[in-house]
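The first residue of the sequence shown is numbered 1, and numbering continues consecutively from there.
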Amino acid sequence: MQRRKWDATTKAMIVVQGLKGKPVAEICLEHQISQTQYYLWRDHFLANVQEVFADKDKKGERLTRENARLRKIIGDLTVELKKSDEWPV
């Protein structure tokens, strides 16, 4: 029998159904997974839920670093351009 591969969105949707109060046995029967598999997904989901909120902070930090890097490049190019304007052609 070939194993199925579940994408992250589907796993999250299944786990959220259980967190909302739907009986785990019913969820597992509907999606043809074992209860053990459901509880593993749920534990992984709950252990990593803080990343949902941390992602925005990381993105902001990354954008700030990228902005600083680009400003430095622009400054360096501006200096080079001014130097080339000062030299007679």
Side-chain angles (χ1 to χ4, degrees):
M1 177 178 248
Q2 189 176 15
R3 293 183 65 171
R4 292 177 288 173
K5 292 191 178 191
W6 297 88
D7 62 53
T9 305
T10 305
K11 288 179 184 180
M13 185 228 19
I14 292 170
V15 169
V16 168
Q17 286 178 356
L19 294 175
K20 286 184 175 180
K22 188 173 182 179
V24 173
E26 188 177 317
I27 294 168
C28 293
L29 186 62
E30 178 182 334
H31 297 285
Q32 298 178 350
I33 60 172
S34 69
Q35 289 188 12
T36 303
Q37 185 65 62
Y38 169 82
Y39 288 118
L40 286 171
W41 289 351
R42 184 200 64 185
D43 293 345
H44 188 260
F45 180 86
L46 293 174
N48 295 304
V49 75
Q50 73 279 358
E51 291 179 16
V52 172
F53 301 107
D55 187 42
K56 290 181 183 177
D57 295 337
K58 289 179 184 176
K59 184 177 180 181
E61 290 173 15
R62 183 181 56 80
L63 290 175
T64 302
R65 284 193 311 270
E66 179 71 6
N67 192 6
R69 185 183 72 83
L70 292 173
R71 285 179 186 263
K72 183 179 181 326
I73 291 171
I74 290 170
D76 292 345
L77 291 172
T78 302
V79 168
E80 290 296 319
L81 183 60
K82 286 183 179 182
K83 283 182 184 178
S84 67
D85 285 343
E86 293 174 6
W87 291 98
V89 180

Next on the checklist: A side-chain contact here means heavy atoms from C-beta on lying under 4.5 Å apart; do Glu80 and Asp76 qualify?
Outcome noted: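 Side chain of Glu80 against side chain of Asp76, heavy atoms only: no contact under 4.5 Å found.
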Next on the checklist: Is the shortest side-chain heavy-atom distance between Lys11 and His44 below 4.5 Å?
Outcome noted: no
Can you measure from [atom1] ([X]) to [atom2] ([Y]) and round to the nearest 0.5 angstrom?
X: His31; Y: Glu26; atom1: NE2; atom2: CD; answer: 9.5 Å
X: Glu30; Y: Lys22; atom1: CD; atom2: NZ; answer: 3.5 Å
X: Arg65; Y: Arg62; atom1: CZ; atom2: CZ; answer: 8.0 Å

Checklist entry - So, the side chain of Arg42 versus the backbone of Gly18: is there a donor-acceptor pair under 3.5 Å, distance only? => result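 Side chain of Arg42 to backbone of Gly18, a donor-acceptor pair under 3.5 Å: no, none is there.
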Checklist entry - Any donor and acceptor pair, going by atom type alone, linking the side chain of Gln50 with main-chain N or O of Ala47 inside 3.5 Å? => result yes
Checklist entry - Can you name the nearest heavy-atom pair linking Cys28 to Ser34, along with the distance? => result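 In this case the closest contact between Cys28 and Ser34 is SG-O, 3.7 Å.
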Checklist entry - Sequence neighbours excluded, which residues qualify as side chain to side chain donor-acceptor pair (under 3.5 Å) partners of Arg71? => result Asn67
Item to check | Lys20: side chain to side chain donor-acceptor pair (under 3.5 Å) partners, not counting sequence neighbours | outcome: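 Side chain to side chain donor-acceptor pair (under 3.5 Å) list for Lys20, sorted by chain: empty.
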Checklist entry - For Tyr39, which fellow cluster members are found when Ile, Leu, Val, Met, Phe, Trp and Tyr are connected by side-chain heavy-atom distances below 4.5 angstrom, either directly or through intermediates? => result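 Same cluster as Tyr39: Trp6, Met13, Ile14, Val15, Val16, Leu19, Val24, Ile27, Ile33, Tyr38, Trp41, Phe45, Leu46.
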